[in-house]
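Notes follow once the structure below has been shown.
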Amino acid sequence: MTAIGLIDCNNFYVSCERAFDPKLVGVPVVVASNNDGCAIARSNEAKALGVRMGDPIHLIRDRLDKHGVVVRSSNYTLYGDMQRRVVAAVEEFASEVEIYSIDESFLDLAPFADRDLTVHANGMRDQVRRWTTIPTCVGIGPTKTLAKVANAAAKKNPLFDGVADLRDPAIRAFVLDRFPVADVWGVGRATAAKLATLGVTTAGQLRDMQLKQARGLGTVVLERLVAELQGVAASVVEVVEPRRKGMAVTRSFGAPVSDLETLMGAVAQYAMRAGEKLRSHGLVAGQLTVFFHTNPHRRDLPQHHGSRRIALHPMTADSLELLAAARRGVEAAWRDGPAYTKAGIMLDDLVAEEQRPRTLFEGDVDRRARLMTALDEVNGRFGRFTAVPAAQGFAREWRMRAEAKSPAWTTRIAEVPVVSAR
DNA sequence: TCTGGGGTCCTAGGACCC
DNA sequence: TCTGGGGTCCTAGGACCC
């Protein structure tokens, strides 16, 4: 019998922060996005105060201060390492684990389906908690979409106490009839609005929609979604990582940038990072897009959105080639005057290094590849951007804000927590 | 003063071909 | 005035996810 599980960490970033700082337990905590811009994780206490996902911190500052909400800058090194530990704790409880996002994994539970899966899931949650302190919820169903619904029910409805198994048709119907259609995985704002005009407001009503009608209203994506709600699997638990199609390094600046040289400095660093990322995946890129733009929320200020796409011949993962292409793009798209607040590099047409098409006249590729390997080794060992090209220009006025970032508790020896006993 | 940073998939429509 | 009937490939943009 098919049984798909979804384990999801509760308020993951906040829980990671709490794992190493007990002062944060029991008080309202918010983790801010890069640049301390928006609220992207909230403790239950913060949710109860009305802090919503994506709220700009500066707009809710007063409320945060009034209620003593602790705001932490995001610390992705910590969260990434904690994810690894959560997955390790889960592995023995499933035959396959598909890491879906930094805080969620799909599980193939079929081999365990003859036992009580609620007991099984609770054993898994206990192990995650023992190994990482992170609280989780588990949803179980015959398809991924139903496992997602189950997970949300497990989290929201105290009746389930952290684990919901929707394989039983009666329980499933009970939950779907009370589940807002807008909260279904894959139903966003636009689709929810269209469904509302048809009077479809619950997941149960969407389940009962004709497949053809679903396709007409949305696309094949909505049709598959309806099938999954009916218990017919349209996707499976995927273990192998799919080949990446694109890759990006983009950042908002800590302060607006109006001069070309400073912007170049930022873009240069993103290009170096993009190259590093490509090489770590063993890929080369055929196309690079560089962009920079002003603050779109400030309609009162002059706006400019500069962007250039540059073909990379030959395809490459060489940081210096990416850097040169990015510079050309910025120069071509530059406009004097506006204050820019964000820039980025996007790479497309990604191909595995071994499958890179060879061209004539590509120079001494091996020598450059060795240089890049050396660069990665130095930076891997001594910290990112220890070795950089001399022309990079390392003025850092644009560097993003992170005013309340926790230490790299688990990944830097100088920052591991010290425990003393007497 | 201050609004994240990644990704995926699908479709429509244009360019081009015979 | 009137203007076929297929294809393919590519790109931009929308919608969605966390």
What integer distance in Å separates [X]:[atom1] from [N]:[atom2]?
X: A/Asn34; N: C/dC18; atom1: CG; atom2: P; value: 19 Å
X: A/Glu98; N: B/dG7; atom1: CD; atom2: C1'; value: 14 Å
X: A/Ile99; N: B/dG6; atom1: CD1; atom2: P; value: 19 Å
X: A/Phe291; N: B/dG4; atom1: CZ; atom2: P; value: 12 Å
X: A/Arg251; N: B/dG5; atom1: CZ; atom2: C1'; value: 7 Å
X: A/Tyr13; N: B/dG5; atom1: OH; atom2: P; value: 13 Å
X: A/Arg243; N: B/dC9; atom1: CZ; atom2: P; value: 11 Å
X: A/Ile345; N: B/dG7; atom1: CD1; atom2: P; value: 13 Å

Discussion item. Any heavy-atom pair between the side chains of A/Leu198 and A/Lys194 that's under 4.5 Å?
Written reply: no

Worksheet entry | Heavy-atom check, side chain of A/Val220 versus side chain of A/Arg224, under 4.5 Å | yes

Nearest listed nucleotide, side chain of [X], among [options]:
X: A/Ala248; options: B/dG4, C/dC16, B/dG7; answer: B/dG7
X: A/Tyr76; options: C/dC18, B/dG4, B/dC9; answer: B/dG4
X: A/Arg298; options: B/dC2, C/dT11, B/dC10; answer: B/dC2
X: A/Arg401; options: B/dC10, B/dC2, C/dC18; answer: B/dC2
X: A/Ala190; options: C/dT11, B/dG4, C/dA15; answer: C/dA15
X: A/Val249; options: B/dT11, B/dG5, B/dG6; answer: B/dG6
X: A/Ile40; options: B/dG4, B/dC2, B/dG6; answer: B/dG4

Taking [X] for the side chain and [Y] for the main chain, is one N or O donor matched with an acceptor at less than 3.5 Å?
X: A/Glu415; Y: A/Ala408; value: yes
X: A/Asp318; Y: A/Arg368; value: no
X: A/His304; Y: A/Thr294; value: no

Measuring to OP1 and OP2 of [N], would you say a side-chain N or O of [X] lies under 4.0 angstrom away?
X: A/Ser33; N: B/dG5; value: no
X: A/Arg224; N: B/dC9; value: no
X: A/Lys148; N: C/dC16; value: no
X: A/Asn295; N: B/dT3; value: yes
X: A/Ser252; N: B/dG5; value: yes
X: A/Thr191; N: C/dC16; value: yes
X: A/Arg215; N: B/dC10; value: no
X: A/Lys277; N: B/dG7; value: yes
X: A/Lys342; N: B/dG4; value: no

Heavy atoms under 4.0 Å, any strand shown: does [X] hit a base, just sugar-phosphate, or nothing?
X: A/Val184; result: sugar-phosphate
X: A/Asp36; result: nothing
X: A/Met247; result: sugar-phosphate

Worksheet item: Rounding to the closest angstrom, what is the interatomic distance between B/dT3 and C/dC18 at atom P?
Response: 25 Å

Practice prompt. Please collect all ring-ring contact (aromatic ring centres under 6.0 Å, His included) contacts where either partner lies in residues 194-216 of chain A, sequence neighbours excluded, each pair once.
Written response: none

Item to complete: Under 4.0 Å from any atom of DNA chain C, heavy atoms only: list the residues of residues 44-64 of chain A that qualify, in numerical order.
Response: none

Worksheet item: side-chain contact (heavy atoms from CB on, under 4.5 Å) with A/Ser252: which of A/Asn34, A/Asn295, A/Asn35?
Response: A/Asn35

Worksheet item: Which residue lies toward the 5' end of DNA chain B, A/Arg244 or A/Asn35, if each is placed at its nearest nucleotide?
Response: A/Asn35

Worksheet entry | A/Asp65/A/Arg61 salt bridge by N-O under 4.0 Å criterion | yes

Worksheet item: Are A/Asp348 and A/Arg309 ion-paired here, with the side-chain N under 4.0 Å from a carboxylate O?
Response: no

Does the plane of the ring in [X] sit parallel, tilted or perpendicular to the ring in [Y]? Use 30° and 60° as the thresholds.
X: A/Trp185; Y: A/Phe106; answer: tilted
X: A/Phe292; Y: A/Tyr340; answer: perpendicular
X: A/Phe291; Y: A/His293; answer: parallel

Item to complete: Kindly express the pairing pattern of DNA chain C in dot-bracket notation, using | wherever a base pairs with another strand and counting only Watson-Crick or G-U pairs under 3.5 Å.
Response: ....||||||||||||||

